[in-house]
Every structure is written in structure tokens, then in C-alpha cells.
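No hydrogens, no waters, no symmetry mates; every other heavy atom, side chains included, goes into these values.
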Amino acid sequence: MNQITNCHVMAKPSGSVCNIDCEYCFYLEKEKLYPERQKNWRMDDETLEAFIRQYIEAQNGDTIQFAWQGGEPTLLGIDFYKKVIQLCQQYGGTKTISHAFQTNGIVINDEWCKLFKENNFLIGVSIDGPEDLHDAYRTNTSGRGTHDKVLNAIELLKQHKVEFNTLTVVNDKNVKQPLRTYQYLKSIGSNFIQFIPLVEREASDSTSSDTWLVNPDEKHGKVTRWSVKPKEYGNFLNKIFDHWVENDVGRIFVQQFDATLTTWIGQPSPICVFAPRCGHAFAIEANGDLFQCDHYVYPEYKLGNIHTSSIKTMNNSNEAIEFGLNKSQLLNSQCQSCRYRFACHGGCPKHRFLPGPNDKLDHNYLCEGYYSFFDHSQHAMAFMAKLIKNGKSPALIMDYYAEQQKNAKVSRNALCPCGSGIKYKRCCA
């Protein structure tokens, strides 16, 4: 069997430790897996060095991106990341190394921004919309909202010209206000927007020592009250897409929309959720434990520890390979025959807990919402795909919509505005 020569590892050097207490956070409870970490939660120097060396060795390309998350990664302090930079220089050789850093922004100051700017960090800032929507769940340990501090961090990043994007967890509250949420993110200067639908299930019989959110393999469990409803999530995407496709193509990059367009031009989705296969996108805990995925940080999905086995070896293990292949191999017949399989591939396996065509609990909870979006956007996606294939910018679709709004109908015998060189009646009409 050929060796797998690349992987991605999401590093969690603070584990689940965080300086805020988001009510919906799925990772805070991971402290129950590491009770000894109440006092010793930091990734130590030995583990950090082993991780950086092994991660670089596990990549075949000349470009490497590290991803730092948590918990909250800023809790390690600036000196920790100065050590990261030094180790990357030590082991990176001639490779180009960059860093992605996901933060709640609470402690970001000028010194942090200087570090980010000088060392090519891409900063992801978690913000769920305007103050009332953000503070509904993203509160500090005293129950107070964090919106103002997050906004202050974003202003500092802009002042220091640090590249940043925003990550918005779509929950039961902001899902009802799609355009307000989207317009707000634009107004604060976010040009790259990620929407992550919140879907978590809680166990009904957990004990104080158990994690209260169910293992993805457990098909029974009540969906939490803050999770999105599938139909509402589809509507959320559709409303934003309609505004985006008429006004913001090429100006604002919405991950879901760009990834879907990628599939329409015949390429695999860059988002793991919609890729044909998953796997080889690991999470590493502060003590060096490597898990299949950050949504699968449960004992049965632990591949090993970097102090006893290398990342390269674990990446090529039977367990890692089987985990990745299961996404497509366990796809039910409804998904296999779906017209939008090319864009979805059944979604995240973690969300496959609804009854499928054979009453087996193997269908994606968000299917109704995803299908609604793919169906709603299909004509615009096909139009933009044609523009790209004809060497034109997909942003030209906005001109087409502008013409439509002026009631200037395209003659059926005129050349199609998509740039194909074919008459409109034989092309996009």
C-alpha cells in the first residue's frame, strides 16, 4: 500500500481549558478525559518539540500550515508561540511554514498582534453576530457577555494589518436572523466568513464522571436545545446566498459558498464535511495524544501518543485509513443516489444519526437543510461554474442579476452572458 504523505493536525496545546464559558461548547467537557490536567494543563516543551518535528516530517510538500486551537490557545502566553516559531525554524529547513490560530479574542493586545503580523499568522476570530446574538451563549465565567472584547480584538487586528477571518457558530438563535448576522460580520470588516452549524446531542443517562455529549457512534441521544434545526439552517444559507450572489461575489468569501462552487467545477470540496472521504485531519491534545478528529476526541478514537509513535506512523495506520474510508463506504442508498452527492457526500459522519432508507440510523441530521441550499443555489452555481470554465470571473454573475433587476431581458438568440460564446437559448436559458 502506498504511503499517505500528508495530514493535517489541529493542535490544542491548552486542551479544553478556556477563559470563557460558552454554554454550547462541545470541547469544555473533555477535561473529564484528563482529570489530572486540573493542575497541569499546558503542553510542555518536550511535547511541543516532538509535535513540531513530527508534523513537519509527516508532510511531503514544501508548504506547511500549523493550526492552533483549544480551549483557548492564547492561554499558553506569547512566549509559548515564540518557542513555536523557533522550533519551526529549527526543523522546517527550506519549507514555507504558516500558522492558523483560532481564538475568542479576549486577551488579544498590541503585543499579540505584533507576533501574529511578524510571523504570518492567519487569525480566526469566533464571533456569533451582533452583541445580543453573540452574548446569548458566548459568556465569560461570570456569565457576562464577551462581545465588546471580541470586537476590540478585531479592531486591533485591523490596525496591525493582521489577516483574519471570522467563525460563526450557527445556533438556534442567530439562525433565525441570517441577513442581520451576515451584514454585521461584513460591517466589522470580515471578508472571509465561516458558518459552522451547531449540532450536539446529550446523553440521558450520563454520570458525573461521563462526558454528557454522546459519542458520535451512539445513535441515540437528545439534540441539545441550542442546536440548529435542519430546515432553519437551509433557510439561513439560502437567505445569505441570495444577497451574496447579487452583491458580494469576489468581495466577501463565504466558505460554504466557495466550497460548493468548487464542486461545481469538478473539484473535491476543500471542506472536510463535504469531501468524499474524511480522516487524516487529526487533533492533538496537550499531552501528545492524537485523535482521529477534534469532534472524535473519545478514548475509542485515540490513535496513540506522539511520545510512543510518530504522527507519520499513525497517519498510515489501519485505524486512520479505515476511519477515512468509512465516510463513503457507509453512505446509505439515499445519499448514493442523491443528485447533490458530488457537493455533499453525506456530510459529517458525526451527524449521521437519523433513520435512513432502511430505517438504519445512518442519515445526516442536516440533510434537509443541505439539500435545500444545494437545490436553491444550483442555477447560480452552474452559471458561475460556466464563467470560470470560460476564463471569466464568477463575480460577473452580479452584472447579470443587475440586468435582470432592470428588466432588461436577454434575447434568446443573443450570446449568453456567461461568456460561453453560445446563444443564450442553448446555454443558460
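When side chains are defined from C-beta on, W112 does not count as touching F121, because their heavy atoms never get closer than 4.5 Å. No side-chain heavy atom of K173 sits under 4.5 Å from any side-chain heavy atom of W226. Proximity of Y182 to V254: side-chain heavy atoms (C-beta onward) are separated by under 4.5 Å at one or more points. Two residues are said to be in side-chain contact when any heavy atoms from C-beta on lie closer than 4.5 Å; H134 and L151 fail this criterion. Under the 4.5 Å side-chain criterion, counting only non-hydrogen atoms from C-beta, I240 is not in contact with I193.
Residues N315 and A320 approach most closely at O-CB, 3.8 Å, considering heavy atoms.
With rounding to the nearest 0.5 angstrom, the OG1 atom of T166 is 10.5 Å from the CD atom of Q255. The SG atom of C22 sits 7.5 Å away from atom CG of D128, with the distance rounded to the nearest 0.5 Å. Rounding to the nearest 0.5 angstrom, the gap separating the OG1 atom in T263 from the CG atom in D258 is 11.0 Å. Note: L133 CG to R138 CZ = 13.0 Å, rounded to the nearest 0.5 Å.
Residues H280 and N6 have side chains that never bring a donor and an acceptor to within less than 3.5 angstrom of each other. Of the N and O atoms on the side chains of S372 and N238, at least one donor lies less than 3.5 Å from an acceptor on the other residue.
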| request: Report the C-alpha distance between Q159 and E155 in whole Å, list the side-chain angles of each, state the deciding distance to 0.1 Å, and finish with yes or no for side chain to side chain donor-acceptor pair (under 3.5 Å). | output: CA-CA 6 Å; Q159 288 173 24; E155 290 304 314; 5.2 Å; no
| task | Decide yes or no on side chain to side chain donor-acceptor pair (under 3.5 Å) for N305 and T308, but give the supporting numbers first. | result | CA-CA 6 Å; N305 187 285; T308 56; 5.0 Å; no
| query | Given H99 and N119, is the side chain to side chain donor-acceptor pair (under 3.5 Å) satisfied, shown in steps? | reply | CA-CA 8 Å; H99 301 268; N119 296 285; over 6 Å; no
| request: Test side chain to side chain donor-acceptor pair (under 3.5 Å) on E72 and N19 and set out the steps. | output: CA-CA 7 Å; E72 172 52 36; N19 53 357; 5.4 Å; no
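The 12-atom threshold is exceeded at NZ of K158, counting heavy atoms of other residues, nucleotides or ligands nearer than 6.0 Å.
In this structure, F101 has its ring center under 6.0 Å from that of Y81. Here the two rings, on Y184 and H147, have centers that are under 6.0 Å apart. For F51 and F66, the distance between ring centers is under 6.0 angstrom.
Ion pair K350/E200 flagged as a salt bridge, since at least one NZ, NE, NH1 or NH2 atom sits closer than 4.0 Å to an Asp/Glu carboxylate oxygen.
Below 30°, between 30° and 60°, or above 60°: for W244 and F257 the angle between ring planes is between 30° and 60°, a tilted geometry.
T168 places a side-chain N or O within 3.5 Å of a backbone atom of I127 that can act as its donor or acceptor partner.
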